[in-house]
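The next block holds one structure in the form of structure tokens; read it before the comments.
Numbering of residues begins at 1 and proceeds along the displayed sequence. In each ligand, atom 1 is the first atom listed, and ligand 1 is the first ligand listed.
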Amino acid sequence: MDVQLFGARLSPFVDKVARGLNLKGIPYTMLGFSSPADFKKQNPDTQKMPVLIVDGERTFDSTRILRRIEELAPEPPLFDRDPKIAAQQSFLEDWSDESLYWYLMAFRWAAPNGDASATQVASGLPLPSFLLPIVKIFLTRQIKGQALAQGLTRLPFDVLTDEFGRRLDELVAMLGDRPFFYADKPSAADLAIAGQFSTMASGPTPQGEAMIQARPTLVAWKKRIDEATADEPAVAAPQKLAAVGG
Ligand SMILES: N[C@@H](CCC(=O)N[C@@H](CS)C(=O)NCC(=O)O)C(=O)O
């Protein structure tokens, strides 16, 4: 089976899917992009990343991709066997994708962090450095425009941080003493939230990251989900194995 993941790990949705593949032990290669045309080519339906390509068959949208991964490798399951718990996990996955994401976007594109976010995205593109300033203007107009249209990015920064803190406290309460959301094993909900938290920790949003770090329950949960979904360690070089064997 040939599995490719189109996108960049900076996207919380690409990170979510990469974690799902790692949890299932499915080997894959990353497929990057260099222009909007690549998005159109890989995903004519929504023109967004991630896209999962399995033996040439494409699936878009991280939620649908996780369901596809579940078909390819049913173990360990991405949802609890109990349908009521599975429904709660699915709801939380959707909240993370459709609401928590916009808190992240608001932190990224609000006045204090917008320039650093544009620099981060632009420097991930294979471009000559003289084009960076122009690309930053284009990215800011396009991505910040989406965030402003959604609305959370219009909040004054102190109101945004207050609301985000409330959401984090709610996540702490929902976790309680459990290692993962609603269950003892990681689910799609954990993968989704871990993706959002990883992008929040990527540099341009120190205020949001500090708020997560101030909550030990969330820090301990993030460590657990990172361990459960870590990338495969690099294969040892053959000569080293021979030396150990000899
Ligand atoms: N609901 C989608 C969201 C995907 C999404 O918003 N991807 C963003 C990156 S974080 C993207 O591709 N943006 C490019 C664009 O809007 O042109 C999913 O879960 O896959």
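Only side-chain heavy atoms of F39 come within less than 4.0 Å of ligand 1; its backbone N, CA, C and O stay farther off. Of all the heavy atoms of Q142, the ones lying under 4.0 Å from any atom of ligand 1 belong exclusively to the side chain.
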Stepwise side-chain hydrogen bond (donor to acceptor under 3.5 Å, both in side chains) test for Q207 and N113: CA-CA 9 Å; Q207 311 86 346; N113 304 330; 2.9 Å; yes
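For atom 2 (C) of ligand 1, the nearest protein heavy atom (residue, atom name, distance) is D61 OD2, 3.4 Å. In this structure, the protein non-hydrogen atom closest to atom 19 (O) of ligand 1 is S62 OG, 2.6 Å. With respect to atom 16 (O) of ligand 1, the closest heavy atom belonging to the protein is K48 NZ, 2.9 Å. Among all non-hydrogen protein atoms, the one lying nearest atom 9 (C) of ligand 1 is S11 OG, 3.8 Å.
By the 4.0 Å heavy-atom criterion, F60 is excluded from the residues contacting ligand 1.
Side-chain polar atoms of D61 and T46 form no donor-acceptor pair below 3.5 angstrom.
Looking at M49 next to ligand 1, an N or O pair under 3.5 Å apart turns up. Between Q146 and ligand 1, a contact under 3.5 Å exists for at least one N or O pair.
By the neighbour-count criterion of 12 heavy atoms within 6.0 Å, atom CD1 of I134 is sparsely surrounded, having that number or fewer from other residues, nucleotides or ligands.
Between E170 and R166 there is no salt bridge, since no side-chain N of the basic residue sits under 4.0 Å from a carboxylate O of the acidic one. Taking the charged nitrogens against the carboxylate oxygens, E163 and R167 do have a contact shorter than 4.0 Å, which makes a salt bridge.
A donor-acceptor pair is defined here as one N or O able to donate and one able to accept, closer than 3.5 Å; no such pair exists between the side chain of R68 and the backbone of T59.
Close approach of ligand 1 to P50 (heavy-atom distance below 4.0 Å) involves ligand atoms 20 (O).
When every heavy atom of T199 is checked against every heavy atom of S11, the shortest pair comes out as OG1-C, 4.1 Å.
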